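Here the structure comes first, spelled out in structure tokens, and everything after it is commentary.
Excluded from the calculations below are hydrogen atoms, water molecules and symmetry mates; all remaining heavy atoms, backbone and side chain alike, are included. Keep in mind it's a predicted model, so treat the numbers as computed, not measured. Note that ligands are numbered from 1 as they come in the structure, with each ligand's atoms numbered from 1 the same way. Index from 1, following the sequence.
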Amino acid sequence: MVRKLAAGNWKMNGTGASLPEVEALKAALSEPSVDVLICPPATMLSRLSDALDGSAIVTGGQDCHAAGSGAHTGDISADMLRDAGATHVILGHSERRTDHGESDADVRAKAKSAIAAGLRAVICVGETLGEREAANTLSIIGGQLAGSVPDLVTADRLVIAYEPVWAIGTGKVPTTDQIGEVHDFIRAELEKRFGSGVGRSVPILYGGSVKGSNAAKIFAVSNVNGALVGGASLKAADFLPIVEALQAS
Ligand code: PGA
């Protein structure tokens with residue numbers, strides 16, 4: 001049984017002026033039947049965690065350093081995220097892989113550190129348009145999974161997000177067949193590596209231009225256990241219909 005998850009990734013958006021959006025989510029989702037996660041910028045993490053205290057909505061970081069502490073100007077450790085109230089951390093988002101040159105090995109080291117600190121790692125994988133057009137999607141995803149996901153994970157410490165790079169922030173969404181093919185593949189890879197117990201319990205999220213208007217269709221696809229939502233997570237009015245579609249799926 002996989003627990004479903006609706007996750008919002010605010011990216012580099014949000015200040016104190018965004019807190020009313022979180023209050024609105026808290027008011028509307030007093031007893032959600034799915035897990036709900038918001039990952040604001042690090043500067044907002046404590047404030048969101050405080051605002052959501054006593055609610056079912058949890059918070060997460062968008063990245064962490066692989067080391068526990070030390071001379072790494074500008075970086076944030078997994079322990080610091082925990083201290084700020086986070087329960088999750090997004091790792092290996094394609095924007096980190098592209099903007100900061102993060103490799104699978106980097107993501108794996110960060111995930112190890114996050115899991116050791118008691119966080120749940122939301123590890124992102126996804127192909128570029130060129131890789132899809134060259135029919136390399138599954139081999140790219142397989143390589144990213146093998147390289148980015150550490151050994152010895154338990155299902156409650158891992159979430160996989162499939163985010164085709166070409167679908168992020170573009171309004172372009174793969175067909176349901178394309179999503180299903182990749183999600184079934186990820187499920188099979190997880191079962192092969194971690195056994196059916198863990199392999200069947202890790203949530204696999206789809207991400208890339210998810211909106212209220214396409215969410216129900218995406219959530220009906222096999223092995224889609226939720227969404228990682230960027231743009232449509234910034235406003236409660238846009239995010240709530242996605243959470244509702246997941247609850248209804
Ligand atoms: P988007 O971003 O929903 O704005 O396409 C998704 C993501 O990058 O997680």
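At a 4.0 Å cut-off, at least one heavy atom of G208 sits close enough to ligand 1 to count as contact. Ligand 1 has at least one atom lying under 4.0 Å from a heavy atom of G169. At least one heavy atom of K11 sits under 4.0 Å from some atom of ligand 1.
Side-chain contact between D75 and M80 is absent, with no heavy atoms from C-beta onward closer than 4.5 Å. Looking at heavy atoms from C-beta onward, I168 lies in side-chain contact with E95 at the 4.5 angstrom threshold. In this structure, L48 and W10 have side chains that are in contact, with non-hydrogen atoms separated by less than 4.5 Å. Between S55 and L29, the closest side-chain pair of non-hydrogen atoms is not below 4.5 Å.
Ion pairing between D151 and R108 holds under the 4.0 Å rule for side-chain N and carboxylate O.
Near H93, meaning under 4.0 Å from one of its heavy atoms, ligand 1 places the atoms 7 (C), 8 (O), 9 (O). Within ligand 1, counting atoms from 1 as listed, the ones closer than 4.0 Å to a heavy atom of G231 are 1 (P), 3 (O), 4 (O). Annotation for ligand 1: atoms under 4.0 Å from non-hydrogen atoms of S209 are 1 (P), 3 (O), 5 (O). Which parts of ligand 1 touch N9 is read off a 4.0 Å heavy-atom cut-off, strictly below it: atoms 9 (O). Near E163, the atoms of ligand 1 lying under 4.0 angstrom from a non-hydrogen atom of the residue are 6 (C), 7 (C), 8 (O), 9 (O).
Atom NZ of K112 has 12 or fewer neighbouring heavy atoms from other residues, nucleotides or ligands inside a 6.0 Å radius.
Considering both main-chain and side-chain atoms, G207 never comes within under 3.5 Å of ligand 1 through any nitrogen or oxygen pair. An N or O contact shorter than 3.5 Å is missing between T170 and ligand 1 by distance.
Residue contacts with ligand 1 for I168 involve both N, CA, C or O and side-chain atoms from C-beta outward (heavy atoms, distance under 4.0 Å).
Taking atom 3 (O) of ligand 1 as the reference point, the nearest protein heavy-atom neighbour is G230 N, 2.8 Å.
Of the listed residues (R97, R96, H93), just one forms a side-chain hydrogen bond (donor to acceptor under 3.5 Å, both in side chains) with E102, and that residue is R96.
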(request) Could you go through the side-chain hydrogen bond (donor to acceptor under 3.5 Å, both in side chains) check for D156 and T154 one step at a time? (result) CA-CA 5 Å; D156 62 346; T154 52; 2.6 Å; yes
